[in-house]
Number of protein chains: 2
Amino acid sequence: MTDSTLTPERILEAAEEVLRRYGPDKTTVVDVARALGVSHGSVYRHFPSKAALRDAVTERWLLGVSLPLAAVANESISPLTRLRHWFDLLVTTKRRWSQQDPELFATYLALAAESREVVREHVTTLIAQLITILNAGVASGVFYTDDVPTTARALFHATARFHDPVHANHWADPEIDSAYEGVWTLLVRALQPD
Amino acid sequence: MTDSTLTPERILEAAEEVLRRYGPDKTTVVDVARALGVSHGSVYRHFPSKAALRDAVTERWLLGVSLPLAAVANESISPLTRLRHWFDLLVTTKRRWSQQDPELFATYLALAAESREVVREHVTTLIAQLITILNAGVASGVFYTDDVPTTARALFHATARFHDPVHANHWADPEIDSAYEGVWTLLVRALQPD
DNA sequence: ATGATGACAGATATTGAAATTTGTCATCAC
DNA sequence: GTGATGACAAATTTCAATATCTGTCATCAT
């Protein structure tokens with residue numbers, strides 16, 4: 001039976017399902033409760049507000065991005081290859097998502113825009129992964145930088161056009177790949193030891 | 001008398017004034033005509049559509065950005081200093097604009113979002129200015145790159161977070177200046193001859 | 001002849017009354 | 001006692017009627 005006890009986890013699943021079906025504007029707490037066969041008051045027993053529920057859904061989605069990236073960041077391969085794989089995965093994940101299901105991506109975008117704090121933490125997580133890769137590279141002498149955290153943040157910001165959803169409307173441009181290569185080339189040069 | 005013959009120029013001035021006052025959503029061609037004391041049919045004699053009028057206003061605004069930058073791009077100072085001044089001017093212009101008059105900036109943003117082609121040309125213009133600076137630097141040996149146009153475009157994209165209006169909501173963040181310095185440091189390193 | 005007008009049709013936007021939603025909490029069921 | 005319920009007030013959204021706007025063009029004025 002699907003209707004065992006009500007848990008935050010089950011509510012999140014239902015919320016994702018409803019969001020997927022109705023979009024961010026038309027999804028209501030009543031809809032989510034209905035999908036679960038409970039009253040909306042019961043949902044409020046597990047999430048203090050609709051905003052908190054939305055934040056939790058956003059966090060779940062962002063984990064889907066950051067967990068695979070964490071695996072890459074900790075792979076036992078050369079730091080330069082690892083850095084490239086990491087950015088490739090970040091960029092292609094976002095791009096595929098935005099193109100294969102634009103409506104769902106728009107939903108994700110709308111949620112993220114309202115869950116600023118959750119997104120901020122996500123970005124911090126990603127930059128921490130970059131720090132891991134940079135540290136490995138500096139230790140083995142293939143990267144030079146006198147300030148790893150600053151450089152990690154700079155790499156993230158310098159590539160924003162290719163992974164920040166606010167730029168998603170450019171991800172189908174024909175020049176996007178060569179533009180990405182151009183920035184990558186520049187950044188790799190910046191990391192080279194003298 | 002302000003009511004001499006009706007010209008595109010006078011219509012543009014009136015349109016800017018009305019946009020400034022009412023914002024992009026509530027501005028109508030009828031409003032613009034009223035501001036000029038003419039019928040809206042007369043406006044259509046000079047602009048084929050409301051979209052064309054909007055594009056022309058956008059183009060005018062963007063010229064306000066690109067003309068001062070052109071001056072910097074052609075200054076007779078060291079290419080590295082010139083590059084830095086150019087980006088500083090670009091970044092501070094946008095930032096001041098977005099913070100001193102957020103409503104007008106939002107208006108500009110809304111117009112630009114609908115005038116894609118005009119914006120595309122604006123970006124091409126800016127990248128051409130970067131090419132000028134890079135060429136000077138390569139000629140005098142202070143910059144290295146084997147592909148000036150690609151590098152110019154990469155520099156523009158890598159700094160998008162600090163000048164692309166889609167990122168304007170981060171321009172008041174306290175770390176924005178150090179983030180900018182971080183990216184700048186990286187990019188300068190990438191341009192250094194071996 | 002040149003340029004401005006305003007009536008018009010179809011498309012779009014506004015408005016405010018009615019319906020729905022959010023979040024609370026006294027009550028209910030087990 | 002624990003957890004779910006649904007009635008409720010306040011806030012928000014929906015909807016359809018009404019008004020306005022866009023773009024055209026036959027007509028007017030100079």
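A, B, ... follow the sequence lines: proteins, then strands. Residue 1 opens every chain.
A/R34 has its CZ atom 11 Å from the C1' atom of C/dT20, to the nearest Å. Going from atom NZ of A/K50 over to atom P of C/dT24 covers 15 Å, rounded to whole Å. In this structure, B/Y22 atom OH and D/dC21 atom P are separated by 11 Å, rounded to whole Å. Nucleotide C/dT22 holds its P atom 10 Å from the CG atom of A/L53, rounded to whole Å. B/R54 places its CZ atom 15 Å from the C1' atom of D/dG23, with the value rounded to the nearest Å.
For residues 123-138 of chain B, the pairs satisfying side-chain hydrogen bond (donor to acceptor under 3.5 Å, both in side chains) are B/W86-B/Q129, with sequence neighbours left out. Sorted by first and then second residue, the salt bridge (Lys or Arg N to Asp or Glu O under 4.0 Å) pairs with a member in residues 178-194 of chain A read A/R84-A/E181, A/R189-B/D194, A/D194-B/R189; sequence neighbours excluded. Residue pairs that meet the ring-ring contact (aromatic ring centres under 6.0 Å, His included) test with at least one member in residues 5-33 of chain A, sequence neighbours left out, do not exist here. Applying the salt bridge (Lys or Arg N to Asp or Glu O under 4.0 Å) test to residues at least two apart or on different chains, the pairs with a partner in residues 116-136 of chain A are A/E117-A/R120. Listed by first then second residue, pairs satisfying ring-ring contact (aromatic ring centres under 6.0 Å, His included) with a partner in residues 119-161 of chain A read A/F156-A/H163, not counting sequence neighbours.
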Could you run down the sub-3.5 Å N/O contacts of the protein with nucleotides 2-9 of chain D?
{"residue": "D/dA4", "atom": "N7", "partner": "A/R45", "partner atom": "NE", "Å": "3.4"}
{"residue": "D/dA4", "atom": "N7", "partner": "A/R45", "partner atom": "NH2", "Å": "3.3"}
{"residue": "D/dT5", "atom": "OP2", "partner": "A/S39", "partner atom": "N", "Å": "3.0"}
{"residue": "D/dT5", "atom": "OP2", "partner": "A/S39", "partner atom": "OG", "Å": "3.3"}
{"residue": "D/dT5", "atom": "OP2", "partner": "A/S42", "partner atom": "OG", "Å": "2.5"}

Enumerate all atom pairs, one protein N or O and one N or O from nucleotides 10-17 of chain C, separated by less than 3.5 Å.
none

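Here CG of B/L130 is found 10.5 Å from OG1 of B/T151. Values are rounded to the nearest 0.5 Å. For the atom pair CD1 of A/I133 and NE2 of A/H85, the computed distance is 10.5 Å after rounding to the nearest 0.5 Å.
Listed by chain and residue number, A/L89 satisfy the side chain to side chain contact (heavy atoms under 4.5 Å, CB included) test with A/P68 (two or more places apart in sequence, or in another chain). Checked against ring-ring contact (aromatic ring centres under 6.0 Å, His included), A/Y180 has the following partners two or more places apart in sequence or in another chain: A/F162.
For the pair A/P48 and A/D31, both in contact range of DNA chain C, the more 5′-proximal nearest nucleotide belongs to A/D31.
Within the nucleic acid shown, B/V30 comes within 4.0 Å of at least one base atom, counting heavy atoms only.
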(request) Go ahead and write out DNA chain D as dot-bracket, 5' to 3': ( ) for pairs within the strand, [ ] for ones crossing earlier pairs, | when the partner sits on another strand, dots for unpaired; Watson-Crick or G-U wobble, both distances under 3.5 Å. (result) ||||||||||||||||||||||||||||||
Side-chain donor-acceptor contacts of residues 40-48 of chain B below 3.5 Å, not counting sequence neighbours, with atom names and distances?
{"residue": "B/S42", "atom": "OG", "partner": "B/S39", "partner atom": "OG", "Å": "3.4"}
{"residue": "B/H46", "atom": "NE2", "partner": "B/L6", "partner atom": "O", "Å": "3.4"}

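When hydrophobic side chains of Ile, Leu, Val, Met, Phe, Trp and Tyr are connected at separations under 4.5 Å, A/L63 ends up clustered with A/L67.
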